[in-house]
Structures are given as structure tokens and as C-alpha cells.
Number of protein chains: 2
Amino acid sequence: MTVGTKTKREKLAEREDAIVSAATEAFLEKGMSAAKMAEIAASAGVAEGTLYLYFKNKEALFAAVVARHWESLTEGATAAIAKADSPDDQLEALARYTLRRILADWKLFELSFVLHYPVKEDGVGSDRRGYVRIFDQIVARGIDRGTFAPEADPRLVRDLFFGTIEYAVRSILQTGKNPKLEPVVIMLLTAVRAVLKPGQGQARTPDHAERIEAAVTRLEKLAER
Amino acid sequence: MTVGTKTKREKLAEREDAIVSAATEAFLEKGMSAAKMAEIAASAGVAEGTLYLYFKNKEALFAAVVARHWESLTEGATAAIAKADSPDDQLEALARYTLRRILADWKLFELSFVLHYPVKEDGVGSDRRGYVRIFDQIVARGIDRGTFAPEADPRLVRDLFFGTIEYAVRSILQTGKNPKLEPVVIMLLTAVRAVLKPGQGQARTPDHAERIEAAVTRLEKLAER
DNA sequence: CGCGGCGAATGAGCAACCCTCATTATGACT
DNA sequence: AGTCATAATGAGGGTTGCTCATTCGCCGCG
């Protein structure tokens, strides 16, 4: 095999890539159910049956499209936070990047929920794994450094972080206005810091009312049984 | 028309209800694409063609299922916050209710995103409208009363609120553990308050009396039963 | 009581589409 | 050139959403 010639492996990979690309386009334009396998095949320059050599069925092809998107997202985010140094700055960079990126590729992002059927560990949702890990690492580092409170549960804060971003993007797209990301970033960071740094800045001296309420809540639970 | 006899209108409404109920069951069990119109028809006790007299197509039927779910959610939330008095407590009640309810009906909730295709004002997403309005009203009242800072943008905080809840539920379901809602509520309220009461530190003193009174009132109500 | 009229309901049939599989093409290695 | 394993093909099968000509059920009127 000479240089310039494609090996068998490369050819197969190339083909798979062409299929996924064609599928991405089709799914973006028409959505999961309206996109036709015949069209995708034609657009990728292969026969319909060939699709099924690379992907078990339409759903698997769809999953591949979504997976590729998440990989790209994870890659970009890793690069985006590399410039920042402190966990605080990294969090901000991640917020900004995620917001911008999800806004840009919203349709693709939304598609990734269509599959979402079985809430399984290794299901489609596992595509996010890599992305979410970035956040977890930042928080872990912050706790190590003493920037964040060690009693903070990273998984909870993670939900705050990504949930807010997704919903904010949805809102932005619905109002249709020119997107204003900065207010979202500011609010998000305010919220995240309030949770990650309790007792700081907000100087939360033990709050009498909170403690009494908590006591009452305990009583209420007791009474319910 | 006598009592006990069904009028024509009532019969039609009843039939529509039966169809939607059958459809809900089918969609829950099998998902949007795997659920078959023939099954739904049989389960509802009508012919297949009849479905199309009530709903234009499968998607419209699906949308009706989702809409009904959101109506029920909105109803329940309205009742849940009615007991609370201060905006702070209402927010807490809404958080707790939403969390519990979405957790309970997660499949149905998730289904409501399958449709989500066109990000339109009047699309399927408009089902949430009523629900979201509840939140907005609470915040508006809080701003009126001076409990919340007037410069807060309710729409942003809304995304924080519901986004966090949805993602938290997703996490809870993925870990599969016994659901611990309380930590989520606490974090959520911490975050929301940090945003709604900027720079307020612990100067929440004026609130203490009110909150203690409310807590005691709850106990009193409890004791009455 | 019979009858005509009208909206509601039916279900066989059509068209669309995913997927299979028997057949053919490809190209690496003797 | 011949052989063989692997990749690719696309016509056909089976399923399913949806339509439409037909039938049903109810009501008022003569």
C-alpha cells in the first residue's frame, strides 16, 4: 500500500463518516421520524442496504449523529477552559462556551433528547458523560484548592449549571430576540457561587428563621406518619 | 334531556377522553414511535378511522396527551402554593411540588420533549405556559412586596428554577438511588435567593418574624387534624 | 309507524417506509 | 488468472399511518 492510496480501513471509516454526515443533515432538516433512510443513503452515495452494514437501524444511526455532536462539544469545551487558570475562571469560561455552543447548535442539541427513552446508565444519555466530567473536574479542583466549600455536592451543582443553561437557551430562542448571553452568565455564576461558597460574600450567619423552619419541617414529617 | 342520560356533546367528550387515556397508556409504555394507532383504537374501543375524526394524525394525538399532562401539573401546583403565604414560602412549595411531581411522572414529562421540534411561540411548548406563569406571578408578588430585588429578571430566574429541577430529576433517576429531594430543594432555594436578593447578605432580618409565624401557623394547621 | 336526512363511525385498502437477504462486485493474496 | 472473504446492492416483504366509500344510529316529520 502506497501513500495517497487509501487502505481498506480508511475507506470504511470514510464511508461511515459520509453516512453520518448525510444523516446529520437529514435529521436536522426533517427531524427523526420524517427523515428517510432512502434519502440519507442517496445523499451519502451508497445503497440503502449499505446503511444497515454500518448501523443496526435508523435509531442507531441517529444515536451516532448525536454522539458525534457531543464529542465535538466536549472537545471544544476542553480547549475553552484550558486558557483559564483558577477554578472560578474555568467555570466562567465553561459557562460562556456551553451557552454559546448550545445556542449555535440548538437543533442538534434538542435532537439528542428525542432518543432519550430508557433512562439507563449506558444508554444514549451516556454521550453527555464526557462533557459533564469536565464540570466535575473543575469543581473537584476547586475543592482541593480550597476555593469551593468541600461539603458541596458536585452532582447537585452540575444540575444547576447545565439545567439553567439549557433552559436559558430555550428561552432565548423562543423570544427570538438578539441573544443576550451576558446576563445569563452573570446570574448563573452568582447562583453557582452562592452554592459552592456558602458563608462567603453573602455572610450567612446561622439563620434563626431557617433553623426554626427546619425544626418545624422535622415535626411535620413526624406528624405525617 | 334528562339527568343520567348523556347528551350528544357529552358522549363525544367522553369518547375523546377515552381515546386520550388509551393513547397516554400506549405512549407511556412504548414511546411515541412504537405505539401503534391500531392498538390505541382497540384499547379505546373505537375503530381506527375514528381516531382521525378526533385528531388529525398521530402527532396531534400525542400532543393532546402531553397537553393534558401539563394541565394537570398546573392545577396541582396552583393548589400546592395556595397554602403558603409569603413569596418565599410559595417558591419553596412550588419547588417541592414540581420536583415531586416531575419525579413521579417522569416518563410523561420526558415524552413532552419528543415533540419539541419547532421552537415556536404557539407550538407544543406552549403547554408549559400556564405552569411557568405560576412562577412568574410569585416572583412578581415578591418584587411588589419588596421581598425580592426589583432589578431581577424573572425570566432568567425562571430558567434557573425549572432547569435545575429538570436536570436534578434526571440525575436522581439515573443514579437510581432512593430519591433525596431535600438537598435539591435547599440548593435550589439558596441559588434562587442569591439571585433574587443580591447583596442582601443576612439582612433578611425583617423577614424573620414573618417566617416564624408562618412556620407556627403550619404547625397549628397540622394540629387541627 | 315509516321514512328521509345527516353527522358519526367503520374497516378494508392504499401508500410509504424500514429493513432483510439472495445476489453481485471488489480487491487482496496466491 | 484464480480463489476467496468481505463489502455492497436493491428488489421485495412486512408493518403501519392514514383515507374514503360505505354503513350505522339517531332524530324529527308526515
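Order of the sequence lines sets the chain letters (A, B, ...), proteins ahead of strands, with each chain counted from 1.
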Listing, residues 48-66 of chain B side-chain donor-acceptor contacts under 3.5 Å, not counting sequence neighbours, or none:
from, atom 1, to, atom 2, distance (Å)
B/T50, OG1, B/A47, O, 3.4
B/N57, OD1, B/E59, N, 3.2
B/N57, OD1, B/A60, N, 3.0
B/K58, NZ, B/M32, O, 3.1
B/K58, NZ, B/S33, O, 3.3
B/K58, NZ, B/A35, O, 2.8

Are there any protein N/O atoms within less than 3.5 Å of an N/O atom in nucleotides 17-19 of chain C, and if so, which ones and at what distance?
from, atom 1, to, atom 2, distance (Å)
C/dC17, OP1, A/K36, NZ, 3.0
C/dC18, OP1, A/A35, O, 3.3
C/dC18, OP1, A/K58, NZ, 3.1
C/dC18, OP2, A/M37, N, 3.1
C/dC19, OP2, A/Y52, OH, 3.1
C/dC19, OP2, A/K58, N, 2.9
C/dC19, N4, A/E48, OE2, 3.3

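- Listed by chain and residue number, nothing satisfies the side chain to side chain contact (heavy atoms under 4.5 Å, CB included) test with B/D144 (two or more places apart in sequence, or in another chain).
- A side chain to side chain donor-acceptor pair (under 3.5 Å) check over residues 70-79 of chain B, counting only residues at least two apart or in different chains, returns the pairs B/S72-B/R101.
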Please set out all donor-acceptor pairs under 3.5 angstrom arising from side-chain atoms of residues 151-163 of chain B, sequence neighbours excluded.
from, atom 1, to, atom 2, distance (Å)
B/D153, OD1, B/R155, N, 3.0
B/D153, OD2, B/R155, NH2, 3.4
B/R158, NH1, B/D136, OD1, 3.3
B/R158, NH1, B/D136, OD2, 2.6
B/D159, OD1, A/S171, OG, 2.8
B/D159, OD2, A/S171, OG, 2.9

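- Listed here is the closest heavy atom pair of A/M187 and A/T164: CE-CG2, 3.8 Å.
- Chain B approaches DNA chain D within less than 4.0 angstrom (heavy atoms of the protein), and the contacting nucleotides run 5' to 3' from D/dT16 to D/dT19.
- Contact between the side-chain N/O atoms of B/R15 and the OP1/OP2 oxygens of C/dA9 is found at a separation under 4.0 Å.
- Cation-pi geometry between A/R128 and A/Y131 is not met: the NZ or CZ atom fails to fall both under 6.0 Å from the ring centre and inside 45° of the normal.
- Using a 4.5 Å cut-off on side-chain heavy atoms (C-beta onward), A/Q90 and A/F135 make no contact.
- Within 4.0 Å of B/Y54, counting heavy atoms only, lie sugar-phosphate atoms of the nucleic acid but no base atom.
- Computed from coordinates, the B/F55 CZ to C/dA9 P distance equals 12 Å when rounded to whole Å.
- The number of heavy-atom neighbours closer than 6.0 Å to CD of A/E25, taken from other residues, nucleotides and ligands shown, is 12 or below.
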